[in-house]
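Structure record follows, encoded as structure tokens.
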Amino acid sequence: MQVIIKKNYEELVKEAVTHIKSLIKAKPDAVLCLPTGSTPTGVYKKLIEIYNKKEIDFSGIRTFNLDEYVGIPAAHPSSFRYYMFETFFNHVNIKKENIHFPPSEIGGENIEEQCREYEDLIKGAGGLDMAILGIGRNGHIGFNEPTSSLQSRTRVKTLTGETLRDNDIEFEGDRLPDLAVTMGIATIMAARSVLLLASGENKAAAVKNTIEGPISAFCPATMLQLHPRVKIIIDEEAADYLSRKSYYKKVYERTLYVEQLFTKK
Ligand code: GLP
């Protein structure tokens, strides 16, 4: 895994956008797994900004969102669908038919069947080119809470008290659903590349466990240690507890140098 430590959130956003932009340039019909939360909001804002400058085109892009609360209407301001349209989709030229969310409506077909269909849709699109992720304070990715199977696929998860408390802040007093549908760890691991973003001191412990801790279902993000193409982009505060911070910085600097050495002039 490549650990990229930036001096602040703004720089983290720039770094993430650079990688997303170069993927879309190389593959205009790329398949992206998209997250919600406060961490990626700056990334969406910057993507809109460069879209308005005509530096990026989303017309061929296909997206699959990571997770959604069970039973929350799409029009509810707390739903992840609402967040995605407000924060990003409504502002760029992505095609509505290329946007996908995990099944979350109550009633209708068997939920396990619907989750399998979501997995099939991802496979049918050729698989995820890039999974963009945030991380919970307890080490969750998507809504894969501690003790989630490291081989899990899209399914319903029960949220922990701490996740409910953390997310409650955004819920303006409404009762928060304690069930969510999330891509599984194996779904994320099947992505051809992963960008994990973390900002702020409250993520420092989860970041340390993810990078330097043993692989464990108790901190689901640790599974990313087994992924061959992961970039962990964090700011100084989120990097606070890392024991080899200066080494990670050196590796990153040398990686850029090597890239330069092997780029045709
Ligand atoms: C939420 C989402 C995750 C997200 C995490 C952190 O519960 N399910 O996908 O990464 O919490 O959110 P934030 O970026 O707001 O800290």
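Here the structure is a predicted model, which is why all the values come from computation and not from measurement. All ligand and atom numbering here is 1-based and tracks the order in the structure.
- Contact atoms of ligand 1 toward His140: 1 (C), 3 (C), 5 (C), 7 (O), 11 (O) (distance under 4.0 Å to a heavy atom of the residue).
- A salt bridge is defined here as a Lys NZ or Arg NE, NH1 or NH2 lying under 4.0 Å from an Asp or Glu carboxylate O, and Arg244 with Glu212 fails to meet this definition.
- Looking at Ala206, Pro40, Ser38, Ala180 and measuring to atom 15 (O) of ligand 1, the nearest heavy atom belongs to Ser38.
- Residue-level proximity to ligand 1 for Asp67 is carried by the side chain, the only part with a heavy atom below 4.0 angstrom.
- Among all heavy-atom pairs drawn from Ser152 and Ile185, the shortest one is OG-N, 3.0 Å.
- Taking only non-hydrogen atoms, the option from Gly142, Gly134, Gly136, Gly37 nearest to atom 10 (O) of ligand 1 is Gly134.
- Contacts between Asn167 and ligand 1, counted as non-hydrogen atom pairs separated by less than 4.0 Å, involve the side chain only.
- When all heavy atoms are compared, the tightest approach of Cys115 to Thr154 is CB-O, 3.2 Å.
- For ligand 1, the atoms closer than 4.0 angstrom to any heavy atom of Lys203 are 6 (C), 13 (P), 14 (O), 16 (O).
- Counting only distance, with no hydrogens or angles, the side chain of Arg155 and the backbone of Arg153 share a donor-acceptor pair below 3.5 Å.
- Annotation for ligand 1: atoms under 4.0 Å from non-hydrogen atoms of Thr39 are 13 (P), 14 (O), 16 (O).
- Assignment of Arg137 to the shell around ligand 1 is not supported, since no heavy atom sits closer than 4.0 Å.
- Summarising the geometry of Tyr51 relative to Val92, their closest heavy-atom pair is CE2-CA, 3.7 Å, with the distance given to 0.1 Å.
- The heavy atom nearest to atom 4 (C) of ligand 1, out of those in Thr36, Leu34, Leu196, is found in Thr36.
- A salt bridge is defined here as a Lys NZ or Arg NE, NH1 or NH2 lying under 4.0 Å from an Asp or Glu carboxylate O, and Asp235 with Lys6 fails to meet this definition.
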